[in-house]
Protein chains: 2
Amino acid sequence: MSSQETPRRPTIADVAREAGVATSTASVVFSGKANVAAATRERVLAAAADLGYAGPDPRAASLRRGRSGIVAVVLEGHLRAAFLDPVTTAMMDGLTDGLADLSAGILLMRDEPGEEGAAITHAPVDAFVLIGCSGRTKASLEVVVGRGLPVVVIEGDAGGEIPRITLDNVAASADVARHVHDLGHRDVALVTLPLDSERERAAVTPERIANATVDVTVHRLEGMRQVFPDAPAISASGSLIDEGVLVGRMLLTDPATRPTAVLAQSDLLAVGVIRAAEELGLRVPEDLSVAGFDGIEVDGLGGLTLTTSVQPAVEKGRAAGEQVARMLGGEPGMTQHLTCVFRAGTTTGPVPR
Amino acid sequence: MSSQETPRRPTIADVAREAGVATSTASVVFSGKANVAAATRERVLAAAADLGYAGPDPRAASLRRGRSGIVAVVLEGHLRAAFLDPVTTAMMDGLTDGLADLSAGILLMRDEPGEEGAAITHAPVDAFVLIGCSGRTKASLEVVVGRGLPVVVIEGDAGGEIPRITLDNVAASADVARHVHDLGHRDVALVTLPLDSERERAAVTPERIANATVDVTVHRLEGMRQVFPDAPAISASGSLIDEGVLVGRMLLTDPATRPTAVLAQSDLLAVGVIRAAEELGLRVPEDLSVAGFDGIEVDGLGGLTLTTSVQPAVEKGRAAGEQVARMLGGEPGMTQHLTCVFRAGTTTGPVPR
DNA sequence: TTGTAGGCGTTATCAG
DNA sequence: CTGATAACGCCTACAA
């Protein structure tokens, strides 16, 4: 209380003056980039404590260094929806790992349409990780590339030289389908993820596929159709158990058109379908076989193990983080292809007669 | 390709020169903070497009404005664990809403111990939202306060003048307990959230309570003990279904010590306890009553509705966001107390004879 | 080991 | 409505 209320926060120059050293010396004390005599260091630290100086202003440091230490993760849709999906959370986990000590943290943002004040254009970040790649995300991509910042796209065709992290969705889906085919099923229905930002829950037509913007959906569908070219498909409006229930009812209610197996493009959807089946009194796998995709831990299957393809979700995030780190280090980013592993569970079985 | 490869990105000064205007004019064109003649604006925009100028550098703008537009959210523990909890995700959702147009996004970070290079000290953010407030988080709090940035603490005693968002955990827990008491139960066991960063799964002793650092846990326990002063309690190591199963087994396996009702401090724990009960052949609520806390949507209860206290999770986040917005606007932040609503479900019933 | 000087790219202010 | 100028707070050659 010896002095008047200070009009503004102290700067490193104030600290230096107080300590009787040059500002550069004080700066070095905080950054640790060079050796400083212990006594000098003490004096600077004492002066800082005295003035209530909490360290260099990160904003100024960012400008000077040209780095903010923040990596942006752009998600499609509401944050909550994104985090409802276990695959996404696992990926985020891997991402933080891959970014390790490089980054101060992860800036979560939604990819809004071409808004004027869009966060994507104004956030002080060093790099971007885009997840998924629908039409809307593609617009975001342009902005980001325009800013000249490193970008990595997870599961989406970014076009050009943009490094991507991809999955063998076509082959892995075909694997699952083949397993079901081998069990004798011929009357199979498909449940897909959303085809585009409309996220309409509806029968999948050739026209809709042609206009689809979500690559994951298209690729997994392609894999399934390699084995079951004519299987009818319904697109869900998201990867949620509840959605699976709704679509499941659409597929299973009418005994006349009921398939003997359902292939879902995500485990959550598969669980929903199973739940719908149970509601209708169908037993899984005796009356109906159901397979999913993702290989997440799912609750509420009561002893059943889902037949699915296990994707390396954490690895996906980590790979993205590593590429970002590389690019920030000046090296070129590389596209990485990851593969899924088929897992036979107890939700698929022989065709009922 | 008319020019050589540019050595550095163009700046607003380059654009201004190219357009034949002053840098300040060009700046205004991009910020929109003042009127500019349409013709001039066009010229500037054209020059920008020409040079491949993607807009003002956010880092420089941050320094100049003294704002980065980023709000940090500090979570305890691994991000994945945090997002596994539906209450947290709901809260984050509300938070983004409350921050609305004010913020470019949410910077996720963990509260690491007093590391030198801690993100908390170096991230260019405008404000902090701390979630929970264990011992570790309290350390973070000091750093943040030292930086002189606005802080809001959700569910935790920050001490001092720090604005908080709180829940009536004591009263709400007592409500749940009273409901169970009214049903006739006297032999009740409690399952608590973690007491501290150790997150030990173990019987709760007076000593452990005295040393507890997680206020939520202590408060909810206090409410429960108001009704059942002598009820034994076990602390879980987290709010997870699996944890509930483990603790449930500890409580229910031995018929001699088996309670007639279990009060859990979270819905996920309650679901786990129910699952453990089912494993042991106990019917809920005929043989065992189970109540939770939170009021989240939970899957896998097979037709049962959990008796619980519904907390305003989204509202909590929104309130925090609003307070941050207020404080950034120069007004003082206010502490807000939110209340839960009891919801009787079908997982509690009369005492079995 | 310490000090000096210049600039990172913007934007607020104020005069024209 | 436009233009000149001065910070914002820090970092890092470079020189001493």
Side-chain angles (χ1 to χ4, degrees), chain A residues 6-44 47-48 51-69 117 121-126 147-149, chain B residues 6-45 47-48 51-69 121-126 147-149:
Chain A
T6 324
R8 63 176 197 5
R9 311 226 58 180
T11 73
I12 201 168
D14 298 327
V15 173
R17 194 177 321 114
E18 176 88 2
V21 301
T23 52
S24 58
T25 307
S27 172
V28 167
V29 167
F30 287 104
S31 72
K33 294 237 170 172
N35 292 346
V36 180
T40 315
R41 192 220 304 315
E42 289 311 318
R43 218 141 34 90
V44 171
L51 295 171
Y53 178 75
D57 179 334
R59 281 178 284 255
S62 297
L63 173 58
R64 184 56 237 243
R65 289 208 241 257
R67 285 280 165 81
S68 67
T121 56
H122 295 315
V125 301
D126 295 340
R147 278 183 63 180
L149 296 174
Chain B
T6 323
R8 63 176 197 7
R9 311 226 65 194
T11 74
I12 201 170
D14 299 328
V15 173
R17 196 177 322 112
E18 176 89 2
V21 300
T23 55
S24 51
T25 305
S27 172
V28 168
V29 167
F30 287 104
S31 73
K33 294 237 172 174
N35 292 346
V36 180
T40 315
R41 193 219 304 314
E42 289 310 318
R43 219 142 31 96
V44 170
L45 259 23
L51 295 171
Y53 179 75
D57 179 335
R59 280 178 286 256
S62 298
L63 173 58
R64 183 59 238 239
R65 292 208 240 254
R67 287 279 165 81
S68 67
T121 56
H122 294 315
V125 301
D126 295 340
R147 278 183 61 179
L149 296 174

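The sequence lines fix the lettering, A, B, ..., with proteins before strands; numbering per chain opens at 1. Side-chain atoms are counted along with the backbone in the values below, which use heavy atoms only and exclude waters and symmetry mates. Quick caveat: nothing in here was measured; it's all calculated off a predicted structure.
Nucleic acid contact for T40(A): sugar-phosphate only, since backbone atoms but no base atoms lie under 4.0 Å from a heavy atom of the residue.
Here dT2(D) presents its P atom at 8 Å from CZ of R43(B), a figure rounded to the nearest Å. The distance from atom CZ of R59(B) to atom P of dC10(D) is 17 Å, rounded to the nearest whole Å. The nearest whole Å value for the distance from the CZ atom in R67(A) to the C1' atom in dG9(D) is 20 Å.
Applying the side chain to side chain donor-acceptor pair (under 3.5 Å) test to every pair with at least one member in residues 29-43 of chain A, sequence neighbours left out, gives no pairs at all.
A distance of 8.0 Å separates CZ of R59(A) from CZ of R67(B), quoted to the nearest 0.5 Å. Rounded to the nearest 0.5 angstrom, R17(A) CZ and L51(A) CG are separated by 9.0 Å.
P58(B) places a side-chain heavy atom less than 4.5 Å from the side chain of R147(A). Contact annotation: the side chain of Y53(B) never approaches that of D14(B) to less than 4.5 Å [non-hydrogen atoms, C-beta and beyond].
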Protein and nucleotides 8-12 of chain C: nitrogen or oxygen contacts under 3.5 angstrom:
| from | atom 1 | to | atom 2 | distance (Å) |
| --- | --- | --- | --- | --- |
| dT10(C) | OP1 | Y53(B) | OH | 2.5 |
| dT10(C) | OP1 | D57(B) | N | 3.2 |
| dT10(C) | OP2 | I12(B) | N | 2.5 |
| dT11(C) | OP2 | S27(B) | OG | 2.9 |
| dT11(C) | O2 | R64(B) | NH1 | 2.4 |
| dA12(C) | O4' | R64(B) | NH2 | 3.2 |

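Qualifying side-chain hydrogen bond (donor to acceptor under 3.5 Å, both in side chains) partners for D57(A), counting only residues two or more places apart in sequence or in other chains: none.
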